[in-house]
Amino acid sequence: MGKSLLPQIRQMKLFPRHLARNAVHFTAQYFWTIGVVSLPLASVFALEFTMPIWVALFAWLLLKEKLTGPRLLATLGGFIGVLVVVRPGHGVIDPAAGLVLLAAAGYGLSLILVKQLTRECSPAVIVVWMILIQLPLGLLAALTDWRDVGLSDVPWMMVAGVGALSAHYCQAQALKRLDASVIMPVDFLRVPMAALVGFYAYGEGIDVWVVIGGCIILMSNFQAMMSERMRSQTPGA
């Protein structure tokens with residue numbers, strides 16, 4: 001891989017865009033990690049799945065795509081779902097929920113930038129630039145709150161690293177071949193999977209309001225994506 005990728009890396013092709021994408025993604029990932037520590041997994045993923053709303057917004061701003069009726073309905077449904085999850089007025093809203101929403105916005109913007117990069121860069125190059133740029137950013141962040149790493153931590157860090165890199169590579173490959181409207185409904189499977197992991201691995205309860213709010217977010221976005229797909233397949237649409 002090095003033999004084929006090194007010439008592309010040396011060209012520094014679209015480096016400013018790689019830098020912008022990774023700065024946004026790193027910040028979103030940092031906020032998301034705070035949310036994972038502070039909130040149940042089901043809540044984190046329910047809030048994170050406002051991302052299609054941000055994707056539609058940034059696609060309108062940056063790619064000049066139209067904000068169609070289904071997308072506007074998805075925005076309204078997602079907003080209602082978020083209100084159900086965080087329930088303003090019901091006790092104190094955890095600030096971490098706001099950080100997760102910011103992370104979702106960052107992921108949405110990052111997704112649009114990756115889509116743009118796949119037009120001229122291979123998925124492997126996108127992942128390599130992610131490593132080269134985010135490694136020093138991660139080091140700077142770690143030095144502010146350094147914790148010694150034990151040998152028992154290393155296997156889990158390896159699993160997290162391999163899993164994350166594989167996910168980013170697969171995402172870039174999918175975005176190169178398919179529209180985001182096709183990919184996002186499949187990605188929604190992470191919500192019930194995260195809830196199950198949180199329940200069985202960490203003993204986290206599944207709040208009924210998180211389930212209801214998550215379903216509203218998922219169904220509104222899924223319906224919008226299906227409407228967009230049908231519209232794109234209709235001649236003259």
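- Between Asp153 and Asp148, the shortest heavy-atom contact is OD2-O, 4.4 Å.
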| field | Test log, rule side-chain contact (heavy atoms from CB on, under 4.5 Å), inputs Gln171 and Leu111 | value | CA-CA 9 Å; Gln171 183 191 65; Leu111 190 73; 3.6 Å; yes
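- Tyr169 and Val162 fall into different hydrophobic clusters, where Ile, Leu, Val, Met, Phe, Trp and Tyr residues are linked whenever their side-chain heavy atoms come under 4.5 Å apart, directly or through other members.
- When the side chains of ILVMFWY residues are joined at heavy-atom separations under 4.5 Å, either directly or via intervening members, Trp54 and Leu102 end up in two distinct hydrophobic clusters.
- Nearest heavy-atom pair across Trp32 and Val44 is NE1-CG1, 3.5 Å.
- At most 12 heavy atoms of other shown residues, nucleotides or ligands fall within 6.0 angstrom of atom OH in Tyr30.
- Between Ala141 and Phe26, the closest heavy-atom pair is CB-CZ, 4.1 Å.
- To the nearest 0.5 Å, atoms CG (Leu135) and CG (Asn22) are separated by 11.5 Å.
- Ring geometry for His25 versus His168: interplanar angle over 60°, hence perpendicular rather than tilted (30 to 60°).
- For Ala172 against Pro123, the heavy-atom pair with the smallest separation is CB-CB, 3.6 Å.
- The minimum heavy-atom distance linking Pro136 with Ile131 is given by the pair CD-O, 4.5 Å.
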| task | Step by step, work out the side-chain contact (heavy atoms from CB on, under 4.5 Å) result for Arg21 and Met130. | result | CA-CA 9 Å; Arg21 180 258 164 175; Met130 183 184 73; 3.8 Å; yes
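- Residue Leu137 comes nearest to Ile133 through the heavy atom pair CG-O, 3.4 Å, listed as atom of the first residue, atom of the second, then distance.
- Residues Val125 and Phe15 are members of one and the same hydrophobic cluster, defined by side-chain heavy-atom contacts under 4.5 angstrom among Ile, Leu, Val, Met, Phe, Trp and Tyr.
- One distance of note links CG of Leu99 with CG of Leu39; it measures 9.0 Å at 0.5 Å rounding.
- Once rounded to the nearest 0.5 Å, the distance linking CZ of Phe31 with OH of Tyr107 reads 11.0 Å.
- To the nearest 0.5 Å, the span separating CG on Leu132 from CD1 on Ile9 amounts to 6.0 Å.
- For the atom pair NZ (Lys115) and OG (Ser110), the distance works out to 14.0 Å, reported to the nearest 0.5 Å.
- Val149 and Leu139 fall into different hydrophobic clusters, where Ile, Leu, Val, Met, Phe, Trp and Tyr residues are linked whenever their side-chain heavy atoms come under 4.5 Å apart, directly or through other members.
- Crowding of Asp145 atom CG: a count of heavy atoms from other residues, nucleotides or ligands under 6.0 Å exceeding 12.
- Under the 4.5 Å side-chain contact rule for hydrophobic residues, Val24 and Val100 share a cluster.
- Expressed to the nearest 0.5 Å, how far CG of Leu14 lies from CH2 of Trp129 amounts to 10.5 Å.
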| message | Set out, in order, the CA-CA distance, both residues' side-chain angles and the distance that settles side-chain contact (heavy atoms from CB on, under 4.5 Å) for His18 and Cys121, then state yes or no. | response | CA-CA 10 Å; His18 282 288; Cys121 298; 3.6 Å; yes
